[in-house]
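For ligands, and for the atoms within them, numbers begin at 1 and follow the listed sequence.
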Amino acid sequence: MVFLSRRLFFAVLGGFILTVVAGTLYFLMRLREEVIASQMQMAELHARSLEDQLTQSLHVVDLSLSRVPGEQIDVSAALRLAPYIRSLSVLDRHGRILSSSNPENSGIIVPTEDFFPEQGDDILRIGSSRNGRDWNDRVGDGRRFIPAVREANGRLQMASLNPDYFINEFVHRVDDKTGVVQLLRYDGVLLISTDEKMLPDGKQVWRERLLAREFDTIDNARLGQRDYILSYRASRTYPLVLVVCLDRSVILAGWRSEALIYSIVVFAVLLGIAGLSVFYYDRMAEAAEERKKAERQLRLSASVYEASQDAFLITDEKAAIISVNRAFTRITGYTEDEVLGKNPKVLASGVHSSEFYAAMWKDILEKGYWQGEIVNRRKDGSTYPEWLSITTVRDHERITHFIANFADITVRKAAEEKIRYLAYYDTLTDLPNRRLLYDRLSQALSTAQRHSSYGALLFIDLDHFKNLNDTRGHDTGDSLLQQVALRLSTTIRVGDTVARIGGDEFVVLLEFLGENESLAARRAEKIAGKIRLAIGAPYLLDDREYHCTPSIGIALFTPQQTAAETLLKRADVAMYQAKSAGRNTVRFFDPEMQSLIERRVTLENELRDALHYKQFILHYQPQVDRNGRSVGVEALVRWQHPDGRIIPPSEFIELAEETGLIVSLGSWVLETVVARLSEWANDPERSHLSIAVNVSARQFRQPDFVEIVSRLVEAAGIDASLLRLELTESLLLENMEEAIATMTALKKQGVSFSLDDFGTGYSSLAYLKVLPLDELKVDQSFVRDMLFDEKNAAIARAIVNLGQNLGVTVIAEGVETDAQWQFLIENGCHSFQGYLFGHPSEM
Ligand SMILES: Nc1nc2c(ncn2[C@@H]2O[C@@H]3COP(=O)(O)O[C@H]4[C@@H](O)[C@H](n5cnc6c(=O)[nH]c(N)nc65)O[C@@H]4COP(=O)(O)O[C@H]3[C@H]2O)c(=O)[nH]1
């Protein structure tokens with residue numbers, strides 16, 4: 001729609017108003033002219049009819065006066081005929097009234113010189129208007145008369161005319177409020193006027209008028225203070241002029257009031273039209289401005305929408321796509337035509353679960369808004385991360401559209417990742433830096449507290465690294481650091497942390513080293529040893545072999561330890577101790593731990609030697625029945641240390657387990673036992689004795705354990721049932737199925753099994769049913785106190801009952817007194833072992 005400018009609008013409105021005003025004025029003026037024209041006609045009509053009437057009246061007078069002189073005047077007849085004649089008189093040549101119908105006129109000399117025309121026969125000559133009713137009336141009393149004479153036969157006959165008669169006639173025709181009727185003598189002398197105050201035009205004016213025309217109607221004749229329509233007409237017969245003057249102001253009064261009303265109406269209408277126009281123009285201008293603003297806004301929005309670097313996707317209420325912008329196509333590869341009408345699911349990557357989308361839609365529908373990171377799929381099948389915002393558009397609560405706005409954040413994420421990487425990683429080695437180490441250490445400390453588990457911090461410094469840097473340059477130094485980092489990473493378990501905290505300083509964080517401090521220390525030391533070996537292996541730097549050793553400091557952290565800073569300092573101190581101790585070595589921050597470790601290292605080495613130099617011996621402890629008769633023995637290993645001490649198994653079995661030496665030791669024990677059984681087989685006094693052998697978990701889990709035992713038994717040709725393998729509950733529980741398989745296989749060979757330390761472990765009764773056991777061994781801890789502690793007594797009794805129910809024998813170990821033995825016998829125990837029957841000895 002074309003909208004007029006304000007200036008043009010007012011110009012048009014002004015033009016319209018001017019046109020209406022001009023039209024109205026024109027119309028009113030036309031109306032006025034018509035009024036005037038009709039009044040002029042009217043004035044002319046009046047003038048004509050009054051002149052006609054006047055002429056006739058004067059004709060009567062003329063007739064009355066034209067009688068033969070000397071004739072007696074028949075006054076009454078004349079007056080009857082012309083009521084406007086007051087008297088008729090006869091004058092002599094000198095103007096003396098000889099006789100008159102008004103006798104009092106007689107003798108009066110009439111001054112006829114001012115009559116008009118001044119002389120002439122057979123024509124009526126009109127005198128001027130005089131005061132009084134007649135010649136004889138000297139007082140007048142406001143009355144007037146007009147004399148008229150006619151000369152005939154040397155005599156003058158005169159009539160005194162009553163002007164009031166004519167005035168009456170005139171007023172009868174022309175309302176004295178509207179106009180004035182005047183009767184003039186032809187020479188311009190006023191004879192009669194219906195309004196005496198109004199003076200006629202001067203004689204000269206009339207002379208000129210009458211010379212020009214005998215009758216005429218003139219508009220706008222100024223008489224006195226007023227304007228008139230003036231119509232005059234000279235009598236056809238007599239020297240008189242009849243003038244009708246219509247007062248223009250009165251005539252036009254009606255027109256004026258009409259014009260006023262009309263003007264008011266037109267003005268009001270125009271005012272209304274103008275007001276309404278301005279009002280509507282303003283409203284329309286406002287609306288147009290609003291519309292323009294909205295259009296501008298829309299154009300702006302559209303250009304923002306199109307030019308935006310963010311993708312926009314708009315759907316209808318059913319989630320069918322109705323619009324996408326250029327950025328959408330750039331990011332996803334889909335053109336608008338390809339996605340119009342489709343569901344935004346076309347972009348789904350399959351990375352997110354249905355629960356994720358359900359939660360997202362819940363938010364959108366309930367809160368009207370969702371925002372978050374999501375992975376979508378491009379048209380070419382590649383996926384990309386985007387930051388997505390979805391909002392609803394509502395129309396009175398009803399959702400009409402969904403607007404999704406997203407940006408491909410691949411670059412941003414990469415940058416963030418890079419920043420994060422730079423913040424938390426060492427760029428040379430790709431290892432975590434000090435900051436990340438602190439984070440992980442703090443986490444590890446709280447985890448350690450939660451799980452009551454020990455951990456350790458290993459501070460590793462490369463020996464003489466500075467020399468390498470100084471002599472062969474930093475690049476070579478960097479290369480070494482990278483190789484060391486790689487070796488460290490591959491040496492430790494997944495889940496542990498290796499960090500480079502500066503120069504040639506590395507830190508390894510070990511978690512979950514167990515709840516036992518010394519065990520944790522040993523594990524940490526062992527890993528440190530592995531690291532020392534790994535780092536100690538030769539390097540190839542610039543095609544030259546290079547040897548490097550580390551100094552490693554270890555600080556254990558306990559479940560109570562909290563300060564990461566302190567811990568790192570401790571490990572650092574320990575590392576310096578390692579340096580002071582000659583480098584290429586491992587040192588604990590805690591001196592006790594250090595000596596413990598050192599002792600263990602010594603012990604381990606000695607154990608190896610012991611195996612190598614066959615320093616182990618077996619002691620046998622008898623096992624008896626209710627009658628005290630020997631039914632078997634338990635083989636218990638002893639270490640005959642070169643220093644002459646006999647070391648009990650409690651001091652080395654655990655280390656042997658940890659180091660794996662137990663496998664070799666266990667094999668030696670088995671071989672020795674089988675050899676002893678074979679030896680006893682030929683001894684009638686001992687051939688019935690069984691030998692119980694403790695089998696460690698590691699030994700039992702050897703893949704070829706069944707073969708080893710079978711081979712030994714077969715090779716020795718002994719009665720396999722005399723070989724009784726003692727297993728612990730924990731061993732069996734570690735892998736029940738495998739344990740059953742191994743036991744079953746050996747059972748087939750005739751080997752028997754005893755469950756050692758029964759009651760101290762998990763004591764799951766369920767597994768007892770499925771294990772091919774021959775014997776339950778009541779742990780000595782129950783036996784020791786059972787006579788004083790009812791609970792232990794109850795347990796001992798329960799185990800015996802259990803054995804009876806399962807159909808296996810029950811042996812009690814640690815029997816030291818007769819009372820204990822008697823108690824156990826009374827409660828149905830089958831066999832007994834303990835110092836009461838004999839200490840372990842070489843036999
Ligand atoms: N207080 C007290 N103790 C008694 C009494 N009667 C026997 N003992 C001790 O109780 C332990 C019984 O052995 P175990 O429970 O199998 O416990 C054994 C066994 O678990 C392990 N062990 C011993 N020899 C071997 C072996 O050859 N291989 C394996 N894997 N472990 C062995 O070492 C543990 C300790 O063995 P030992 O020091 O010989 O200790 C033996 C024995 O000397 C008594 O009346 N009172």
Qualifying residues under side-chain contact (heavy atoms from CB on, under 4.5 Å), relative to Tyr546, sequence neighbours excluded:
Leu468, Arg472, Leu480, Tyr539, Leu541, Cys548

Can you say whether the rings of Phe837 and Phe832 are parallel (under 30°), tilted (30 to 60°) or perpendicular (over 60°)?
tilted

Show me, by chain and number, every protein residue that has a heavy-atom distance under 4.0 Å to ligand 1.
Gln621, Glu634, Leu636, Val637, Arg638, Pro649, Ile653, Val669, Asn694, Ser696, Glu726, Asp756, Asp757, Gln780, Glu813, Gly814, Val815, Glu816, Gly834, Tyr835, Pro840

Could you check, using the six-membered ring where one of them is a Trp, whether Phe652 and Phe616 have ring centers closer than 6.0 angstrom?
yes

For Leu481 and Phe506: C-alpha separation, side-chain torsions, deciding distance, then whether side chain to side chain contact (heavy atoms under 4.5 Å, CB included) applies.
CA-CA 9 Å; Leu481 292 173; Phe506 296 87; 3.9 Å; yes

Any residue meeting side-chain contact (heavy atoms from CB on, under 4.5 Å) with Glu545, in chain and number order, not counting sequence neighbours:
Pro538, His547

Would you be so kind as to tabulate the donor-acceptor pairs closer than 3.5 Å made by side chains of residues 524-534, with sequence neighbours excluded?
| unit_1 | atom_1 | unit_2 | atom_2 | d |
| --- | --- | --- | --- | --- |
| Arg532 | NH1 | Asn584 | O | 3.3 |
| Arg532 | NH1 | Asn584 | OD1 | 3.2 |

